[in-house]
Amino acid sequence: MTIDATHTESELEEFYRDLAAVDLQPLWTITADLLTPTPRPKAVPWLWSAATMKPLARRAIRLVPVERGGERRVLSLQNPGLGGQPYAVGTLWGALQCLGPREKAPAHRHSPGAIRFVLAGEGVFTTVDGDACDMHPGDLVLTPAMNWHDHVNGGDGEMFWFDGLDLPMVAALDGTFFEPWAGPGLNQPEPAEHNVSERTYAGGTRHTDGAVTGPLSPRHSRLMVYRWADTTAQLDRLAAASDAPLLAVEYTDPETGASVMPTLACAVHRVRAGGRSLPVRRAGNAVYVVYSGHGSSVIAGQRFDWGPGDMFAVPSWAPVEHAADEQADLFVLTDTPVLRALGLYREERLAEAQPVTSVFEPR
Ligand code: GTQ
Ligand code: FE2
């Protein structure tokens, strides 16, 4: 067959009309970027400063109760590139959650998995499928997919932490399920003993009766809480043995060494005082939370200055490099396990610092 060169303009127009009428779209007329040479995330590099967020969170504590329905006192990071969707980057939910003295957030469970990284305060425990995990600054607490969870502030102070969820990813897969705790009461009963998963799994060993009984292929880590003392001790050991400007540790499933969840990876990147890392870009999205220290990151040519409690978005494939005036610890949430599992992951390390073309002005 060869192309009928005798066809008329109106024949062609009619053909396109007929296609549209039966919900078909010819690829050769599609102008949207379908097959981009490299990822083009809609989310933009962005930073939410603690100075802005914290007073607003305190106002929320004063003005808005935590109840069934709203479920959580959470300020979600809304990336301006995402058209009003409450997502930090295309695949990740990021948020600041807080609880006032003696407040309780009701129990529920859902198919999106979540992590909490504690920023400030004492007194809250998150109960994960019956195991009450005490939370202290710098701790990471997991609430994996379909695990019941609620947050209880048993103390007299406020508490603030970062929430990261794979919610947009699960939504894109049309895999969202949610269930409120049916009771009795709004919360899981407080167990007599707290931190059971920690006693069983912490430190890379597992409590057994002598037999080898662990799951062969756990879908998520069975350790629900990772203590800051362990994280910082490991970083100290690495820093003592290296003069690299940036040292990173990934939180792992102590039984398998895998990422903490099938969808989410968590890490801490420590930038040495006076250190400056070279740019790297990675397929997949990331949300950074500054735990301590002051410094700046250059993301796709834009400089973001940061300090404790600030949160920033690094969309897929944007080159990112960090510099710190004093030693800085950055908590990093990524969707890397999904890209790796699907054969989509890649990274590129650049040999030279990026030229800085603009400086981000936080709101
Ligand atoms: O704490 O259970 O930021 O379900 C978003 C959804 C926190 C939570 C969020 C949630 C939670
Ligand atoms: Fe939840």
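Counting convention: from 1, in listed order, for ligands and their atoms alike.
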Please step through salt bridge (charged side-chain N to carboxylate O under 4.0 Å, His left out) for the pair Arg73 and Glu103, ending with a clear verdict.
CA-CA 10 Å; Arg73 191 185 290 106; Glu103 284 187 319; 2.7 Å; yes

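- Using cut-offs of 30° and 60° for the angle between ring planes, the Tyr16 and Trp28 rings count as tilted.
- Partner Phe162 forms a side-chain contact (heavy atoms from CB on, under 4.5 Å) with one of Gln97, Met311, Arg116 and no other, that one being Met311.
- Between His108 and His149, the ring planes lie perpendicular to each other; the angle is over 60°, past the 30° to 60° tilted range.
- Phe360 and Trp46 have perpendicular rings, their planes meeting at more than 60° on a 0 to 90° scale where under 30° would count as parallel.
- Residues lining ligand 1 at a heavy-atom distance below 4.0 Å are given as Arg72, Val74, Trp93, Ala95, Gln97, His108, His110, Arg116, His149, His151, Asp163, Leu165, ordered by chain and residue number.
- The atom of His110 nearest to the Fe ion (ligand 2) is NE2, with the search restricted to N, O or S atoms.
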Stepwise salt bridge (charged side-chain N to carboxylate O under 4.0 Å, His left out) test for Arg222 and Glu255:
CA-CA 8 Å; Arg222 264 55 180 171; Glu255 293 186 302; 5.2 Å; no

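- Between the NE2 atom of His108 and the NE2 atom of His149, the angle taken at the Fe ion (ligand 2) works out to 90° after rounding to 10°.
- In this structure, Tyr288 has its ring center no closer than 6.0 Å to that of Trp306.
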